[in-house]
Amino acid sequence: WRFWIIVGIVAILIALITLALTGAVGSAGQALSPNDSSPQGSKALAEVLRQQGVTVTATDSMATTRDAVMIPSNTTIFVVDDGHYLDGDQLRELGRLSSHLILMTPDFDQLDALAPEVALAGAVSGVLRSDCALRPVTQAGSVTGTGSGFRNIGADPDVILCLGSGDEIYSLIQSTHAGTVITVIGTTAAFSNQFVVNDGNAAFALGLLGGTSNLVWMLPTIDDAAGPSAADLTPAWVSAVIVLLLFAAIAAGFWRGRRFGPLVIENL
């Protein structure tokens, strides 16, 4: 009985350690989520926006984003697509649903579909100084630049380039397409709970996201990932073969299966 007591105690300890480790991992939260109060979340920023009268709605799919948009001309959509799930058609639809579409660190395909004049330029770090006339940037004065940088490869003279870090690399590029303002930004740290109070991050983030009375904060999931489904990738003959195999298995069962005879009373 001592052995089983020791085994039980060890099992309980393992369970407690596993629970503690799982809790520690789970507490990390979701980066730049308006509902996350962890250091990498953005709940503090979302709450201040609400106090300023901005309606902040967190969404995780195209369907919920459509439902959150009442008046496109008075709506800003902030897309934080870490998994790069959205394709060009989905992003263009988001542009039609808003007057200001803000993309946080988009990938090559997303830029090519929505802002072809913008190209990726690698990682950026350090403090970036105000260097353009865009109001959120001038109000901030300086911004924590940790994140990604971009280059302008187009010829549009109206493109706004802000927060340069040298070699024609910028952390914010803004242009207008079909009446919608498209802002590409890479300063991920400036929007997090951990760094939003540093430098002019708060003024920058509040000014950029609070330009309209309705803010839709979208964090897409794999449910909106573009690409063919398993059914689309399956050849048409597979279904027929599966049905044929099913009938063959049933026929084999009748052919080779054994039947129980009548019960026989046997003396023990």
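Each residue takes its place number in the sequence, starting with 1.
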Undergrad: I'd like to check Thr146 versus Thr187 (side-chain heavy atoms, cut-off strictly below 4.5 Å). Are they in contact?
TA: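 They are not in side-chain contact.
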
Undergrad: If we ignore hydrogens and angles and just use 3.5 Å, is the side chain of Asn214 paired with the main-chain N or O of Ile71 as donor and acceptor?
TA: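 No, Asn214 side chain to Ile71 backbone: no donor-acceptor pair under 3.5 Å.
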
Undergrad: Counting neighbours of CZ on Arg50 that are heavy atoms of other residues, nucleotides or ligands and sit closer than 6.0 Å, is the number greater than 12?
TA: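 Correct, the count exceeds 12.
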
Undergrad: Return yes if some donor-acceptor pair links the side-chain N/O of Trp217 with the main-chain N/O of Val80 below 3.5 Å, else return no.
TA: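 No, Trp217 side chain to Val80 backbone: no donor-acceptor pair under 3.5 Å.
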
Undergrad: For the OH atom of Tyr85 and the CG atom of Leu219, what is their distance to the nearest 0.5 Å?
TA: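 Output value for this atom pair is 11.0 Å.
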
Undergrad: Membership question, hydrophobic clusters at under 4.5 Å side-chain separation (ILVMFWY): are Phe195 and Val143 in the same one?
TA: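 No; tracing contacts between hydrophobic side chains, which count when under 4.5 Å, never links both residues.
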
Undergrad: Nearest 0.5 Å, please: how far is CG in Leu114 from OG1 in Thr180?
TA: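 Here the interatomic distance stands at 9.0 Å.
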
Undergrad: Look at the side chain of Glu47 and the backbone N and O of Ala44, then say whether any donor-acceptor pair between them is shorter than 3.5 Å.
TA: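 Looks like no, no N/O pair under 3.5 Å.
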
Undergrad: For Gly88 and Ala113, which heavy atoms make the closest approach, and how far apart are they?
TA: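 For Gly88 versus Ala113, the nearest heavy atoms are CA-CB, 3.4 Å.
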
Undergrad: I need the Asp167 CG to Ile169 CD1 distance, nearest 0.5 Å.
TA: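 The CD1 atom of Ile169 is 5.5 Å from CG of Asp167, to the nearest 0.5 Å.
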
Undergrad: Any Lys/Arg nitrogen of Arg96 or Glu93 sitting under 4.0 Å from an Asp/Glu carboxylate oxygen of the other?
TA: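 Answer for the salt bridge query: no.
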
Undergrad: Does Asn193 use its side chain to pair, donor to acceptor, with the backbone of Gly41 at less than 3.5 Å?
TA: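 A pair under 3.5 Å: yes.
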
Undergrad: Test your reading of the model: is there a side-chain donor-acceptor pair from Ser33 to the backbone of Asn35, 3.5 Å cut-off?
TA: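 Yes, the answer is positive, given that a donor and an acceptor are paired below the 3.5 Å cut-off.
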
Undergrad: For residues Ala68 and Val216, report the shortest heavy-atom separation together with the two atoms involved.
TA: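 Of all heavy-atom pairs spanning Ala68 and Val216, the closest is CB-CG2, 4.0 Å.
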
Undergrad: Shortest non-hydrogen contact from Ser148 to Ser171?
TA: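 Heavy atoms only, the tightest pair is O-OG, 3.7 Å.
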
Undergrad: Side chain of Ser42, backbone of Phe191: donor and acceptor closer than 3.5 Å?
TA: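 Looks like yes, one N/O pair under 3.5 Å.
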
Undergrad: Could you check whether any side-chain N or O of Asp81 sits under 3.5 Å from a backbone N or O of Leu86, counting only pairs where one atom can act as donor and the other as acceptor?
TA: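 Answer holds: yes.
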
Undergrad: Which heavy-atom pair separates Leu134 from Cys162 by the least distance, and what is that distance?
TA: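 In this case the closest contact between Leu134 and Cys162 is CB-SG, 3.9 Å.
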
Undergrad: Evaluate the side chain to side chain contact (heavy atoms under 4.5 Å, CB included) criterion for residues Phe78 and Met104: first the C-alpha distance (whole Å), next the side-chain angles of each, then the deciding distance (0.1 Å), finally the verdict.
TA: CA-CA 8 Å; Phe78 179 37; Met104 174 66 76; 3.9 Å; yes

Undergrad: What are the two closest heavy atoms between Gly147 and Thr188, and how far apart are they?
TA: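 So the minimum-distance heavy-atom pair works out to CA-OG1, 3.8 Å.
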
Undergrad: Return yes if some donor-acceptor pair links the side-chain N/O of Ser61 with the main-chain N/O of Thr64 below 3.5 Å, else return no.
TA: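 Yes.
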
Undergrad: Does a donor on one side chain sit under 3.5 Å from an acceptor on the other, for Thr183 and Gln174?
TA: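 Gln174 and Thr183 do have a side-chain donor-acceptor pair below 3.5 Å.
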
Undergrad: Whether the side chain of Gln110 engages the backbone of Asp107 through a donor-acceptor N/O pair (distance < 3.5 Å, no angle test) should be reported.
TA: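 Side chain of Gln110 to backbone of Asp107, a donor-acceptor pair under 3.5 Å: yes, one is there.
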
Undergrad: Roughly how far, to the nearest 0.5 Å, is the CG atom of Asn201 from the CD atom of Gln194?
TA: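 Gln194 CD to Asn201 CG: 11.0 Å, rounded to 0.5 Å.
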
Undergrad: Taking Leu163 as the starting point, is it possible to reach Phe150 by hopping between hydrophobic residues whose side chains are less than 4.5 Å apart?
TA: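 Per the 4.5 Å side-chain linkage, Phe150 and Leu163 are not co-clustered.
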
Undergrad: Under the side chain to side chain contact (heavy atoms under 4.5 Å, CB included) criterion, do Leu94 and Met62 qualify, and how do the steps go?
TA: CA-CA 8 Å; Leu94 293 178; Met62 292 295 297; 4.0 Å; yes

Undergrad: Above 12 or not: heavy atoms from other molecules or residues under 6.0 Å from CD of Glu168?
TA: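 No, not enclosed.
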
Undergrad: State plainly whether one hydrophobic cluster holds both Ile77 and Leu103, where clusters connect Ile, Leu, Val, Met, Phe, Trp and Tyr through side-chain heavy atoms under 4.5 angstrom apart.
TA: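 Yes; Leu103 is reachable from Ile77 via cluster members.
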
Undergrad: Using only atom types and a distance under 3.5 Å, with no angle test, would you say the side chain of Asp36 pairs donor to acceptor with the backbone of Gln30?
TA: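 The answer is yes, because a donor-acceptor pair under 3.5 Å joins these two groups.
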
Undergrad: Please assess Leu206 against Leu49 for the test side chain to side chain contact (heavy atoms under 4.5 Å, CB included), listing each intermediate value before the final yes or no.
TA: CA-CA 7 Å; Leu206 292 172; Leu49 285 167; 3.7 Å; yes

Undergrad: Would you say Asn74 and Thr212 are linked by a side-chain donor-acceptor pair, where the criterion is simply a distance under 3.5 Å?
TA: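 The answer is no; no qualifying pair exists.
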
Undergrad: Please walk me through it: do Ile102 and Leu208 pass side chain to side chain contact (heavy atoms under 4.5 Å, CB included)?
TA: CA-CA 9 Å; Ile102 304 173; Leu208 193 64; 3.9 Å; yes

Undergrad: Any side-chain heavy-atom pair from Asn152 and Tyr170 closer than 4.5 angstrom?
TA: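 Contact flag for Asn152/Tyr170 side chains = no.
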
Undergrad: Could you see if Val124 belongs to whatever hydrophobic cluster contains Val127? Use Ile, Leu, Val, Met, Phe, Trp, Tyr and a side-chain cutoff under 4.5 Å.
TA: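 Cluster IDs for Val124 and Val127 differ.
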
Undergrad: Rounded to the nearest 0.5 Å, what's the gap from CG on Leu45 to CG on Leu32? Could you check?
TA: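 The CG atom of Leu32 is 9.5 Å from CG of Leu45, to the nearest 0.5 Å.
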
Undergrad: Taking all atoms of both residues into account, what is the closest heavy-atom pair of Asp131 and Val137, and its distance?
TA: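 Looking at all heavy atoms of both residues, the closest pair is N-CG1, 4.2 Å.
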
Undergrad: Taking atom OG1 of Thr144 and atom CZ of Phe204, what is their separation to the nearest 0.5 Å?
TA: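 These two atoms lie 10.5 Å from each other.
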
Undergrad: Report whether Leu101 and Val181 are members of the same hydrophobic cluster (ILVMFWY, side-chain heavy atoms less than 4.5 Å apart, transitive linking).
TA: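 Leu101 and Val181: separate clusters.
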
Undergrad: Answer whether the closest heavy-atom distance between the side chains of Ser142 and Asp199 falls below 4.5 Å.
TA: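 Contact flag for Ser142/Asp199 side chains = yes.
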
